[in-house]
Amino acid sequence: MLRQILSKLPRKSLKPDSDESTWGDSARSADSPRVAGKSQRPHGCSSTAAKRASSSAVFPASMVSGFEPLVPFKDVANAEKMNLFVSKLSLCCVTFDFSDPSKSVADKDVKRKTLVELVDFVACGTMRFSEPAILALCRMCAFNLFRVFPPNYRTGGGENDDDEPMFDPAWPHLQLVYELLLKFISSSCLDAKVAKKYIDHSFIARLLGLFDSEDPRERDCLKAILHRIYGKFMVHRPYIRKSINNIFYRFVFETEKHSGIGELLEIFGSVITGFALPLKEEHKIFMWRVLVPLHKPKSIGVYFQQLSYCVMQFIEKEPKLASIVVRGLLKYWPATNSQKEVIFLGELEEILEVINMVEFQRIMVPLFWRIGCCINSLHFQVAERALFFWNNDHIVNLIAHNRQVILPIIFPALDRNVQSHWNPAVVNLTHNIRKMFLEMDEKLFISCHNHFKEEEAILTSAAEKRKEAWKQLEHAASLRPVIGNTAVLVS
């Protein structure tokens, strides 16, 4: 098989501007330049190398190493393996059209086997990577990975959970390239001081652009790679955070369409864990201007777990931020989306489990006004979720210490549920909470009950007066004669 592949290669070196290529028509459509390179194969550890027939594999002029790229690493002396590594990387700079599985099958197989060799070589970690090797690998990754997704590739950033993700047909090659890049960045043989010149801001920006891929396998690979880059290249950390922030801003305030918000939040979750105390002002601004507004999009269900984890990490590091987050949730509270209300109530309960008394007292009035509205919701899941707050011992303890303020706010909602809610389960839960308040402070409960009855009587009286006034108006209008275009009040 190897001889058959090599037999297709030209026997003489080509000029750098030649159109000939071992990859046939597919190479002519590739973005990479086609330049010839002479190939040599050393024998053992000898310094002299016999010249072999040169191959015209698609090598950029700066990448020519003088080695046949199809030679296995085991057949080359250790001193020359890095040159062969560069040759094989250059060979993999050619891209193929995977929409037609029957096209360029042999060439695709050669590239796949070469990528597997490269992955194994990097995983061994026996040689320090030279600067040309780092440049060659970054260049090969750029040719294979960096691409623009067509408009029909995105369907709205995962707003509909029933949408099937779209899988890239080129994944058999892309997966190997991602695996190679991950092992390369994670390798102890990579000098970060040299690599940062090539894994630069431009490279990272284009890598972040790939998070909009609808293929979940690709996003998982990108997540692992970006996490390694963030850990290895400290100089790039501020730029990575700023770039991810810009993606979040565009998603929240412009498009509300992006496939990789969950993965980016997952990366930030591990980043937040490493923040030193006290928190920098930059990080607090990120929480208030990015994490809180991320509750606004209607597709929050797709990335809610990662978002909630980031928020809780901030609150655990600095408890004073709890009241800021609660105010933000109340600001973006959904008015017509019951499923988002259930999500918000769940996050509120998580925050109240860790909030201290001082922060709780700052937000308890607007918070329990909103909870009262949820208790009266006609959507039984919203009403139930709000009533489940009283199943949490820590929250009950907070309420008990502040019952003088909370019970007058919440009592009307409880009483209306008992009188008129359609769902029996909600009514039963409401009865239990009323009983809990009665046992907690009977005098306060009776006082709130009497005050509520007085207000109900006043409202009923006002409603009766309005009704009587309308009856009088109807009667007066019915006595007036109809003249021309005069409007007639019909009872």
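What you see is a predicted model, and the numbers here were worked out from it, not measured in a lab.
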Counterpart residues, ring pair (Phe, Tyr, Trp, His ring centres under 6.0 Å), relative to F85 (two or more places apart): F121, F129

Around atom [atom1] of [X], are there more than 12 heavy atoms of other residues, nucleotides or ligands at under 6.0 Å?
| X | atom1 | value |
| --- | --- | --- |
| K340 | NZ | yes |
| W369 | CH2 | no |
| R289 | CZ | no |

Does [X] reach the side chain of [Y], with side-chain heavy atoms less than 4.5 Å apart?
| X | Y | result |
| --- | --- | --- |
| L345 | C374 | yes |
| F146 | C141 | no |
| R327 | R362 | yes |
| L210 | F149 | yes |
| K111 | V94 | no |
| M287 | V325 | yes |
| L226 | I244 | yes |
| S90 | M140 | no |

Please answer whether the main-chain N or O of [Y] pairs with a side-chain N or O of [X] as donor and acceptor at a distance below 3.5 Å.
| X | Y | answer |
| --- | --- | --- |
| R219 | S259 | yes |
| N423 | F380 | no |
| K88 | V71 | yes |
| S186 | L182 | yes |
| R228 | F184 | no |
| Y303 | L294 | yes |
| N144 | C92 | yes |
| S87 | N83 | yes |
| R250 | T255 | no |
| S243 | Y239 | yes |

Which atom of A322 lies closest to which atom of I351, heavy atoms considered: CB-CG2, 4.1 Å

Is a side-chain donor-acceptor pair under 3.5 Å present for [Y] with [X]?
| X | Y | result |
| --- | --- | --- |
| N356 | E359 | no |
| E347 | H295 | yes |
| E131 | Y198 | yes |
| W333 | E341 | yes |
| N78 | K81 | yes |

Please output the side-chain donor-acceptor pairs of residues 271-281 that fall under 3.5 Å, not counting sequence neighbours, one pair per line with the distance.
unit_1, atom_1, unit_2, atom_2, d
T273, OG1, G269, O, 2.9
T273, OG1, Q313, OE1, 3.3

D215/R217 under salt bridge (Lys or Arg N to Asp or Glu O under 4.0 Å): CA gap, chis, key distance, verdict: CA-CA 5 Å; D215 194 329; R217 303 169 300 183; 2.9 Å; yes

Salt bridge (Lys or Arg N to Asp or Glu O under 4.0 Å) partners of residues 380-390, not counting sequence neighbours, each pair once: E349-R385

Aromatic centroids of H173 and F98 separated by under 6.0 Å: yes

Within 45° cone of F286 ring axis and under 6.0 Å: K242 NZ or CZ: no

Candidate pair F314 and W288, rule side chain to side chain contact (heavy atoms under 4.5 Å, CB included), full reasoning: CA-CA 11 Å; F314 268 110; W288 175 245; over 6 Å; no

Residue from H236, H283, E282 passing side chain to side chain donor-acceptor pair (under 3.5 Å) with R241: E282

